[in-house]
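Here's the structure we're looking at; comments come further down.
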Amino acid sequence: MFVSIHIPKCAGTSFRHILQEQCGNRLWLNYGTIFVRSQARRDLVPSDAAWIHGHFFADAFDDLFPDRRLLTWVRHPVERVVSNYHHFLRSPDMRDDCCRALYERRLSLPEFARLDWMRNEASRYLTEKPVSDFAFVGVSERFDDSLRIFEWRFMPGARLASRVDNTNPERRGPGYKLAPEVVSQILELNATDLALYDEAVVRLNGELAEFEACVA
């Protein structure tokens with residue numbers, strides 16, 4: 001069983017569409033059925049599923065599938081927080097506590113970043129599992145490089161096509177332009193996620209070097 005954790009605003013929608021194209025009925029999209037480990041029941045998972053993808057904690061299926069292989073994507077924490085902020089402004093979801101707080105309290109970006117759930121969100125979703133526990137960790141800013149490694153490891157010969165889905169249509173350039181003090185504030189609030197991201201980048205660089213050596 002492959003278990004893919006979709007951390008919000010970390011290329012999970014693009015990756016989901018790739019999995020849908022490649023896995024068909026073997027993919028179960030788990031958005032809202034099982035979120036935490038205590039909710040997991042075998043009868044909730046389709047019997048023909050070989051891949052699970054969605055918003056849930058990384059340990060949600062540890063008991064059901066102890067031999068599962070974990071996959072996820074991460075993003076620089078500043079970009080992730082800012083993207084989440086603009087996503088809620090663009091597409092409000094009042095079922096979400098952070099979105100309600102944004103609108104009810106008319107939060108600025110720095111105020112939104114200080115909400116508990118926005119702090120180190122990636123680490124929270126991954127339940128503090130180390131990067132080494134994951135069979136694959138993509139880096140959203142380097143989507144094509146990461147996708148190349150995913151194809152090499154798990155779908156050789158598939159010729160996976162890059163995608164860019166669910167992005168901010170008003171953003172210009174590869175990153176958000178922010179005042180230095182705002183960047184510093186967000187980084188201070190997300191030190192754990194920054195360490196996780198940096199480790200994922202180092203791992204990706206090593207995998208790319210290994211890949212290039214194999215195909216040379």
Side-chain angles (χ1 to χ4, degrees), residues 3-16 35-36 53-60 70-90 96-99 101-102 107-150 164-168 171-210:
V3 176
S4 171
I5 300 93
H6 178 180
I7 302 167
K9 308 311 298 174
C10 291
T13 299
S14 298
F15 191 55
R16 181 188 78 203
F35 188 69
V36 297
H53 176 83
H55 290 316
F56 49 85
F57 282 179
D59 65 354
L70 296 172
L71 306 92
T72 196
W73 291 72
V74 297
R75 186 176 186 178
H76 191 283
V78 173
E79 292 292 311
R80 180 190 56 75
V81 171
V82 179
S83 180
N84 213 150
Y85 177 76
H86 286 287
H87 176 75
F88 282 151
L89 290 177
R90 188 172 68 252
D96 187 282
D97 292 342
C98 293
C99 187
L102 171 63
L107 300 178
S108 65
L109 172 58
E111 291 169 334
F112 178 79
R114 287 195 289 272
L115 294 174
D116 286 344
W117 193 261
M118 286 297 109
R119 302 183 188 189
N120 295 307
E121 185 176 30
S123 301
R124 182 182 295 109
Y125 263 85
L126 302 187
T127 62
E128 299 185 356
K129 291 181 182 290
V131 168
S132 58
D133 276 8
F134 290 79
F136 169 79
V137 179
V139 176
S140 63
E141 290 89 344
R142 296 172 61 183
F143 192 89
D144 289 352
D145 285 343
S146 300
L147 193 62
R148 188 185 315 166
I149 296 302
F150 175 77
V164 181
D165 299 304
N166 197 26
T167 60
N168 183 354
R171 190 182 71 184
R172 298 292 181 264
Y176 289 95
K177 305 301 182 184
L178 304 171
E181 60 271 19
V182 174
V183 173
S184 297
Q185 291 170 18
I186 297 176
L187 285 176
E188 185 177 352
L189 293 167
N190 291 273
T192 304
D193 272 10
L194 181 60
L196 171 70
Y197 175 83
D198 288 343
E199 186 176 356
V201 170
V202 170
R203 171 171 163 168
L204 175 60
N205 288 337
E207 290 175 324
L208 285 169
E210 183 183 353

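All values below were derived from every heavy atom in this structure, side-chain atoms included, with hydrogens, water molecules and symmetry-related copies excluded.
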Quiz item: Rounded to the nearest 0.5 Å, what separation is found between the CG atom of Leu102 and the CG atom of Leu107?
Solution: 5.5 Å
Self-check item: Nearest non-hydrogen partners of Leu109 and Val82, listed with the distance
Solution: CD2-CG2, 3.9 Å
Quiz item: Heavy-atom distance under 4.5 Å between the side chains of Ile7 and Leu126, does that happen here?
Solution: yes
Self-check item: Step-by-step side chain to side chain contact (heavy atoms under 4.5 Å, CB included) determination, Val3 to Leu71
Solution: CA-CA 6 Å; Val3 176; Leu71 306 92; 5.8 Å; no
Quiz item: Looking at Tyr125 versus Phe56, is the centre-to-centre ring distance below 6.0 Å?
Solution: no
Exercise. Classify the ring geometry between His6 and His55 as parallel (under 30°), tilted (30 to 60°) or perpendicular (over 60°).
Key: tilted
Exercise. Hey, could you give me the CG/CZ distance between Leu194 and Arg80, rounded to the nearest 0.5 Å?
Key: 11.0 Å
Quiz item: Just how far is it from atom OG of Ser108 to atom OH of Tyr85, taken to the nearest 0.5 Å?
Solution: 6.0 Å
Quiz item: Side chain of Thr72, backbone of Ile5: donor and acceptor closer than 3.5 Å?
Solution: yes
Exercise. Report, as yes or no, whether the 6.0 Å neighbourhood of atom CD on Glu111 holds more than 12 heavy atoms from other residues, nucleotides or ligands.
Key: yes
Quiz prompt | Non-neighbouring partners of His76 that pass side-chain hydrogen bond (donor to acceptor under 3.5 Å, both in side chains), sequence neighbours left out | solution = none
Quiz item: How would you list, by chain and number, every residue that makes a side-chain contact (heavy atoms from CB on, under 4.5 Å) with Arg124, sequence neighbours excluded?
Solution: Phe57, Trp117, Glu121
Quiz prompt | Check: Ser83 and Arg75 side chains under 4.5 Å, non-hydrogen atoms | solution = yes
Exercise. Rounded to the nearest 0.5 Å, what's the gap from CH2 on Trp73 to NZ on Lys9? Could you check?
Key: 14.5 Å
Self-check item: Taking every non-hydrogen atom, the tightest pair across Val139 and Ser146
Solution: N-OG, 2.9 Å
Quiz item: If you measure from CD1 on Ile186 to CG on Asp193, what distance do you get to the nearest 0.5 Å?
Solution: 12.0 Å
Quiz prompt | Taking every non-hydrogen atom, the tightest pair across Asn120 and Asn190 | solution = N-OD1, 2.6 Å
Quiz item: Would you call Phe88 and Asp96 a side-chain contact if the rule is heavy atoms closer than 4.5 Å?
Solution: yes
